[in-house]
S.K.: 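Please read through the structure below; I'll follow up with questions.
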There are 2 protein chains.
Amino acid sequence: MFTIEQLAGFVAVAEELHFGRAAERLNMTQPPLSRQIQKLEKTVGVELLTRNNRKVELTSAGAGFLEDARRLLTLVQRAPLAAQRVAAGHTGLLRIGFTAASSFSILGPLLEEIAETIPDVDIDLREMVTGEQLAGLGSGELDLGIGRPPFDKDLFASRLLYREGLVLAVPDGHRLAQLHRDISPTDFKDEPIIMHSPTEARYFYDLVVKMLPLHHGNVVHTVSQILTMVCLVAAKRGVAFVPQSTALLGVAGVRFLPLESQQGDPVELHAIWSRSSTNPALTRLLESLSM
Amino acid sequence: MFTIEQLAGFVAVAEELHFGRAAERLNMTQPPLSRQIQKLEKTVGVELLTRNNRKVELTSAGAGFLEDARRLLTLVQRAPLAAQRVAAGHTGLLRIGFTAASSFSILGPLLEEIAETIPDVDIDLREMVTGEQLAGLGSGELDLGIGRPPFDKDLFASRLLYREGLVLAVPDGHRLAQLHRDISPTDFKDEPIIMHSPTEARYFYDLVVKMLPLHHGNVVHTVSQILTMVCLVAAKRGVAFVPQSTALLGVAGVRFLPLESQQGDPVELHAIWSRSSTNPALTRLLESLSM
DNA sequence: CGTCATTACGGAATGCGTAATGATA
DNA sequence: TATCATTACGCATTCCGTAATGACG
């Protein structure tokens with residue numbers, strides 16, 4: 001195998017067509033340069049330069065090899081720089097998983113912020129529920145998740161991105177929409193309810209069950225996605241508890257009514273990442289976001 | 001600067017994710033491989049692999065660098081092969097100069113033969129008069145010329161490609177065309193003649209002057225290109241002595257009449273090349289053509 | 001305690017620079 | 001004879017392999 005130094009030597013000689021000047025350019029003496037070229041020619045198996053002690057010329061094969069040598073050398077120079085940029089988090093790839101509901105609210109502004117912070121990092125976006133996000137983060141297939149608790153605080157770190165209230169989604173013209181006041185549990189005790197799936201949307205299920213006294217007999221549907229819920233409400237199949245930001249969707253035929261007696265804004269959305277992550281782009285993003 | 005062996009070692013470890021197996025694949029022991037990776041990381045300035053004595057993993061920067069390393073290694077493998085192919089004349093570039101007149105006759109078949117003989121060699125075709133061809137051959141800007149004598153036999157070698165007769169080009173309906181026999185010098189002693197330039201088309205000028213008794217007073221034009229002559233004949237400006245193959249052009253309004261008393265076919269077309277040429281594609285072509 | 005990467009060490013090979021040689025115009 | 005590539009030679013460095021060490025499960 002030949003050496004990168006040999007390639008550099010060959011390019012210098014090919015450009016100067018003079019061993020002495022080439023050696024000077026390379027900060028060395030002629031003899032080792034001469035030997036380098038000889039070794040290079042031996043390993044390549046071809047005479048690259050014709051040199052009759054008075055004139056140095058490229059052979060046809062040498063002219064062709066010169067192009068490859070230049071390509072090789074530029075790549076040799078750039079590869080470490082590219083690696084350094086990746087290591088510094090200035091470039092690379094960030095794979096982000098997000099819940100469908102998060103795209104109604106925080107995802108857009110967050111992506112803008114990411115684009116400003118690490119503009120040269122490629123962003124790979126995948127819609128997935130929180131459970132899938134955690135699996136991806138754990139296996140290294142994902143760098144950042146935008147999801148909801150709970151998750152293992154030992155394995156994952158997080159940052160609260162967004163906090164909002166829960167509202168009641170009802171069809172347009174529904175009798176509760178006429179009240180023009182906050183809705184209390186007694187208001188919907190006889191209403192058909194479109195409920196969150198206890199497995200696929202565990203966060204919302206637990207939240208609603210904990211916050212509100214429900215008659216489980218009123219549940220007419222169990223679904224996993226907020227968007228599906230809103231569609232079913234628009235189809236007048238019942239009412240549903242959804243995060244406030246769902247109103248931003250602008251689905252026709254649905255009204256969003258405030259609920260009384262909420263302590264703070266109970267619906268949380270977190271940025272979640274693996275504590276064992278080594279993606280420098282993630283590190284850099286998190287450092288910038290925490291400022 | 002890092003080494004190609006280091007790159008190969010890194011790629012092996014990155015693929016195996018195991019120093020022992022990688023070393024085995026490279027036919028070496030683990031310790032030097034370990035040191036190679038360490039040196040590589042030091043020169044690149046980045047940790048490429050995380051290795052906790054139990055598990056080897058690529059870092060983000062390492063994953064990026066791996067791609068560059070693979071590119072580099074394939075180029076390292078291919079560059080010598082490409083150079084060898086050029087040296088063997090199987091590929092490369094052949095720059096051919098040809099006279100405009102030669103394109104009427106031999107150029108097409110010759111190019112076909114070249115394409116069969118050295119199919120992977122790029123052909124660079126340039127129309128130029130013989131004098132320019134010789135200059136190009138001498139300076140190394142041209143590999144092969146298709147032109148006419150005379151040229152320095154010490155500097156250039158040649159091969160007769162084509163030999164043809166001289167004919168008289170006359171306008172359609174010209175009185176000489178009615179004779180239906182070979183034309184003798186007395187037939188055109190009073191005809192206006194379109195003559196070759198003694199400088200730019202010296203070969204034809206000398207040939208015509210040597211072969212035929214001309215009244216120089218009859219010369220109405222002096223031009224350097226056969227094609228121009230034929231156009232002037234078609235425009236009824238006079239008659240001209242042109243090589244037989246000019247008839248292949250099929251210019252409307254021109255007839256070509258045989259001349260009497262020609263010894264053989266006096267118009268020669270040669271393939272000419274520099275004796276100091278080192279283009280292996282030329283060598284290979286000439287070897288094949290001479291068989 | 002077994003596996004596997006790393007450090008320690010001795011010997012061989014590689015590669016530089018200085019000096020000498022050879023070849024060309 | 002001058003120039004310039006090449007060979008000769010001595011010395012420092014590099015690098016391999018074997019052996020020892022160390023860390024993790």
Side-chain angles (χ1 to χ4, degrees), chain A residues 1-44 46-59 61-62 65-66 69 73 76 138 154-155 275-276 278, chain B residues 1-44 46-59 61-62 65-66 76 138 154-155 275-276 278:
Chain A
M1 190 64 59
F2 52 83
T3 309
I4 293 167
E5 276 81 8
Q6 289 171 6
L7 288 179
F10 170 66
V11 171
V13 174
E15 281 173 2
E16 301 283 349
L17 292 179
H18 190 287
F19 277 73
R21 284 195 296 275
E24 190 178 4
R25 208 171 91 179
L26 296 167
N27 295 316
M28 63 194 303
T29 56
Q30 297 92 330
L33 180 58
S34 205
R35 289 189 296 252
Q36 276 185 356
I37 304 293
Q38 287 167 17
K39 286 210 166 180
L40 181 61
E41 285 178 323
K42 194 173 174 185
T43 54
V44 172
V46 159
E47 189 185 39
L48 300 171
L49 298 160
T50 55
R51 33 206 197 280
N52 5 0
N53 283 15
R54 210 62 190 175
K55 193 187 286 181
V56 178
E57 265 184 320
L58 273 173
T59 64
F65 191 76
L66 177 60
L73 288 177
V76 162
D154 292 333
L155 292 175
R275 291 190 187 278
S276 64
T278 57
Chain B
M1 190 63 61
F2 52 82
T3 309
I4 293 168
E5 274 81 10
Q6 288 171 7
L7 289 180
F10 170 66
V11 170
V13 175
E15 281 173 3
E16 300 283 349
L17 294 178
H18 190 286
F19 278 73
R21 284 195 296 274
E24 190 177 5
R25 208 171 91 180
L26 297 167
N27 295 315
M28 63 193 303
T29 54
Q30 296 92 330
L33 180 57
S34 204
R35 289 188 296 253
Q36 277 185 354
I37 304 293
Q38 288 167 18
K39 286 210 166 182
L40 181 63
E41 285 178 324
K42 195 174 175 183
T43 54
V44 173
V46 158
E47 189 186 39
L48 300 172
L49 297 159
T50 55
R51 33 206 196 278
N52 2 355
N53 285 17
R54 211 64 191 174
K55 194 187 287 183
V56 179
E57 265 183 323
L58 273 173
T59 64
F65 191 77
L66 177 60
V76 162
D154 291 334
L155 292 175
R275 291 192 187 276
S276 64
T278 58

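Order of the sequence lines fixes the chain letters, A, B, ..., with proteins taken first and strands second; residue numbering starts at 1 for each chain.
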S.K.: Measure the distance from CZ on A:Phe2 to P on C:dG15 and round it to the nearest whole Å.
M.R.: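 My rounded result for the distance is 14 Å.
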S.K.: Can you tell me the distance, in whole Å, between the CG atom of A:Leu33 and the P atom of D:dT7?
M.R.: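 From A:Leu33 CG to D:dT7 P: 14 Å.
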S.K.: Excluding sequence neighbours, so at least two apart, what forms ring-ring contact (aromatic ring centres under 6.0 Å, His included) with A:Phe19?
M.R.: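 A:Phe19: no ring-ring contact (aromatic ring centres under 6.0 Å, His included) contacts found.
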S.K.: Ignoring the backbone of A:Val56, work out which of C:dT18, D:dA5, D:dT18 is nearest its side chain.
M.R.: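 Of all the options, the side chain of A:Val56 is nearest to D:dA5.
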S.K.: Between D:dT6 atom C1' and A:Leu40 atom CG, what is the distance in whole Å?
M.R.: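 Atom CG in A:Leu40 sits about 17 Å away from atom C1' in D:dT6.
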S.K.: Expressed as a whole number of angstroms, how long is the span from B:Met28:CE to C:dT6:C1'?
M.R.: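 These atoms are roughly 14 Å apart.
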S.K.: How bent is the helix from C:dC1-D:dG25 to C:dA25-D:dT1, comparing axes over its five end pairs at each side, to the nearest 10°?
M.R.: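 Terminal axis comparison yields 30°.
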S.K.: Tell me the closest heavy-atom pair linking A:Leu7 and A:Leu40, and the distance in Å.
M.R.: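 Heavy atoms of A:Leu7 and A:Leu40 come nearest at CD2-CD1, 4.3 Å.
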S.K.: Roughly how far, to the nearest 0.5 Å, is the CG atom of B:Asp154 from the CZ atom of B:Arg275?
M.R.: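 The CG atom of B:Asp154 is 7.0 Å from CZ of B:Arg275, to the nearest 0.5 Å.
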S.K.: For B:Glu41, check side-chain contact (heavy atoms from CB on, under 4.5 Å) against everything at least two apart and list the hits.
M.R.: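 For B:Glu41, the residues satisfying side-chain contact (heavy atoms from CB on, under 4.5 Å) (neighbours in sequence not counted) are B:Ile37, B:Glu47, B:Leu48, B:Leu49, B:Arg51.
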S.K.: If the condition is salt bridge (charged side-chain N to carboxylate O under 4.0 Å, His left out), which residues does A:Glu16 pass it with, not counting sequence neighbours?
M.R.: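 If we apply the salt bridge (charged side-chain N to carboxylate O under 4.0 Å, His left out) test to A:Glu16, skipping adjacent residues, the hits are A:Arg21, A:Arg25.
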S.K.: Starting at CD of B:Gln30 and ending at P of D:dT18, how long is that distance when rounded to a whole Å?
M.R.: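 These atoms are roughly 11 Å apart.
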S.K.: Starting at atom CD of A:Glu24, determine the distance to atom P of D:dC4, rounded to an integer number of angstrom.
M.R.: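 Rounded to the whole Å, the gap is 12 Å.
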S.K.: Give the C-alpha distance, both sets of side-chain angles, the deciding distance and a yes or no for side-chain contact (heavy atoms from CB on, under 4.5 Å) between B:Leu33 and B:Gln30.
M.R.: CA-CA 5 Å; B:Leu33 180 57; B:Gln30 296 92 330; 5.5 Å; no
S.K.: OP1 or OP2 of D:dT6 sitting under 4.0 Å from any side-chain N/O of A:Arg51?
M.R.: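 Yes, within the criterion.
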S.K.: Using every non-hydrogen atom in the two residues, find where A:Phe2 and A:Thr43 come nearest and quote the distance to one decimal.
M.R.: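 Heavy atoms only, the tightest pair is CB-OG1, 3.6 Å.
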S.K.: Atom CG of A:Asn27 to atom C1' of C:dC16: distance rounded to whole Å?
M.R.: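 Between C1' of C:dC16 and CG of A:Asn27: 14 Å.
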S.K.: Please check the phosphate of D:dG17 (OP1 and OP2 only) for any side-chain N or O of B:Thr29 closer than 4.0 Å.
M.R.: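 So the side chain of B:Thr29 is within the cut-off, an N or O lying under 4.0 Å from OP1 or OP2 of D:dG17.
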S.K.: Under a 3.5 Å distance rule, please check whether A:Thr3 uses its side chain to pair with a backbone N or O of A:Gln6 as donor and acceptor.
M.R.: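 No, A:Thr3 side chain to A:Gln6 backbone: no donor-acceptor pair under 3.5 Å.
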S.K.: Kindly say whether the aromatic ring centers of A:Phe65 and A:Phe10 come within a distance under 6.0 Å.
M.R.: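 That pair passes the under 6.0 Å test.
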S.K.: What's the shortest heavy-atom distance between B:Gly9 and B:Leu26, and which atoms?
M.R.: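 Nearest heavy atoms, B:Gly9 then B:Leu26: CA-CD1, 3.7 Å.
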S.K.: So if I take residues 9-22 of chain A and measure heavy-atom distances to DNA chain C, which residues fall below 4.0 Å?
M.R.: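 Within this stretch, nothing sits under 4.0 Å of the strand.
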S.K.: Can you tell me how far apart CD (B:Gln36) and CE (B:Met28) are? Round to the nearest 0.5 Å.
M.R.: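 Interatomic distance, B:Gln36 CD to B:Met28 CE, rounded to 0.5 Å: 4.5 Å.
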S.K.: Taking atom P of D:dC16 as reference, at what distance in whole Å does atom CD of B:Glu5 sit?
M.R.: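 Atom CD in B:Glu5 sits about 8 Å away from atom P in D:dC16.
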S.K.: Between the protein and nucleotides 12-15 of chain D, list every N/O to N/O distance that falls short of 3.5 Å.
M.R.:
unit_1, atom_1, unit_2, atom_2, d
D:dC15, OP2, B:Lys39, NZ, 2.5

